[in-house]
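The block underneath contains the structure these notes are about, expressed in structure tokens.
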Amino acid sequence: MKLTRRVKEILSWYESDNPGTKMNLARILMEGKLGGTGRLVILPVDQGFEHGPARSFAPNPAAYDPRYHFELAIEAGLSAYAAPLGPIEAGAATYAGSIPLILKVNSSNSLSTTKDQAVTATVSDALRLGCSAIGFTIYPGSEYQFEMMEELRELTAEAKAAGLAVVVWSYPRGPMLDKVGETALDIAAYAAHMAALTGAHIIKVKPPTEAIFLDAAKKTYEQNPVDVKDYAARINHIVQACFAGRRLVVFSGGEAKSAEALLNDVRAIHAGGGNGSIVGRNAFQRPKAEALKLLNDIIEVYKSKP
Ligand code: FBP
């Protein structure tokens, strides 16, 4: 695998990592149609845990089969496929070596009344299954946020020692945040920054809205304004919060929406200097041909000059 200059530059940001972790990051960065560009499109399929099987897969019943997702990610030429233990195990032999894998090692579910996650897989599972990274969700703002961050600290240390990369989903939620707060610009930047502080290699957040939520932050944003009406400027602020762009940051796709709405997000992410998208429901809930077209259109945006 001959690395591009851009990928070598990105790897140089991760100054403490051992060769194994750098190799695994390089695998993700060199894979698929965006290989070598520094942009990423990842397929995440943990919605079975998060939302249940019917809400996740009934719109496209082929997606009940875990092998469907490996094939979708491979055929679309994506950078990686992320999923919990069960689905990764279900295709482990058939697709070994075909696409970088991110083992999602914790998950929540819709039957829980608390904003917490259970650890459902281990670093040794990730190694056994040939994964390039572990994926972990934190909920900044939750009553359990500190326990989650401490679990992440232990798993991160173990993953890095074993030569794996770490992808952190940072989703603000909890008693002090309403729906507006969860995706407000200041909160999204704060969540992305905290993921960087935990030592994540790749950070995953939701695209930020125009809202500024925390009273304590409003004055600072007034004195140091971000053009909140400009979507790309909002993305760029998140990039800034990720160590001035020295950590990879990708943005989630969200609930099913029109292709044009999703492409609009992607154009802003690209223009704002974000490193890519992690698109689940908007990919696997569409019929496969439609999903492949949409993923290709997303990739074409990321290939274009920002
Ligand atoms: P989507 O593209 O389907 O939004 O997937 C991204 C993701 O982070 C999944 O990994 C996760 O299951 C889901 O979003 C959680 O979504 P929500 O916060 O809306 O419950």
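Just so you know, ligand 1 is whichever comes first in the structure, and atom 1 is the first atom listed for that ligand.
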Looking only at N/O atoms, are [X] and ligand 1 under 3.5 Å apart anywhere?
{"X": "Pro44", "value": "no"}
{"X": "His51", "value": "yes"}
{"X": "Trp169", "value": "yes"}

Next item on the list: Establish, yes or no, whether the cationic atom of Lys104 lies under 6.0 Å from the six-membered ring centre of Phe136 and within 45° of the ring axis.
Entry: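 Not satisfied by the 6.0 Å and 45° rule.
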
Item checked: Face-on cation placement of Lys206 at Tyr171 ring, 6.0 Å and 45° thresholds ->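 Yes, a cation-pi geometry holds between Lys206 and Tyr171.
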
Could you identify the single nearest non-hydrogen protein atom to [atom] and state the distance to 0.1 Å?
{"atom": "atom 12 (O) of ligand 1", "result": "Asp46 OD1, 2.6 Å"}
{"atom": "atom 15 (C) of ligand 1", "result": "Tyr171 CE2, 3.9 Å"}
{"atom": "atom 2 (O) of ligand 1", "result": "Gly280 N, 2.8 Å"}

Note to self: Is the ring pair Tyr95/Phe70 parallel, tilted or perpendicular, if the boundaries are 30 and 60 degrees?
What the structure shows: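 Rings of Tyr95 and Phe70: parallel, under 30°.
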
Give the atom numbers and elements of ligand 1 that come within less than 4.0 Å of a heavy atom of [X].
{"X": "Ile278", "value": "2 (O)"}
{"X": "Gly254", "value": "1 (P), 2 (O), 3 (O), 4 (O)"}
{"X": "Glu50", "value": "12 (O)"}
{"X": "Gln47", "value": "1 (P), 3 (O), 5 (O), 9 (C), 12 (O)"}
{"X": "Lys206", "value": "17 (P), 18 (O), 19 (O)"}
{"X": "Val279", "value": "2 (O)"}

Are [X] and [Y] close enough for a salt bridge, meaning some N to O gap below 4.0 Å?
{"X": "Asp230", "Y": "Arg234", "answer": "no"}
{"X": "Arg128", "Y": "Glu89", "answer": "yes"}
{"X": "Lys218", "Y": "Asp186", "answer": "no"}

Note to self: Is it the case that the side chain of Asn296 and the backbone of Leu292 share a donor-acceptor pair, with hydrogens and angles ignored and the cut-off at 3.5 Å?
What the structure shows: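 Between the backbone of Leu292 and the side chain of Asn296 there is no qualifying donor-acceptor contact (under 3.5 Å).
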
Notebook entry, point to check: Any idea which of Lys204, Arg173, Arg281 brings a heavy atom closest to atom 6 (C) of ligand 1?
Noted result: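 When every heavy atom of Lys204, Arg173, Arg281 is considered, Lys204 comes closest to atom 6 (C) of ligand 1.
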
Check: Of all the heavy atoms in Asn282, does at least one lie under 4.0 Å from an atom in ligand 1?
Finding: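 No, that is not the case, since the closest heavy atom of the residue is not under 4.0 Å from the ligand.
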
Notebook entry, point to check: Between OG1 of Thr183 and CZ of Phe213, what distance do you get to the nearest 0.5 Å?
Noted result: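 Atom-to-atom, Thr183:OG1 and Phe213:CZ are 10.5 Å apart.
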
Check: Are Arg39 and His270 close enough that a side-chain donor and a side-chain acceptor fall under 3.5 Å?
Finding: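 There is such a pair between these side chains.
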
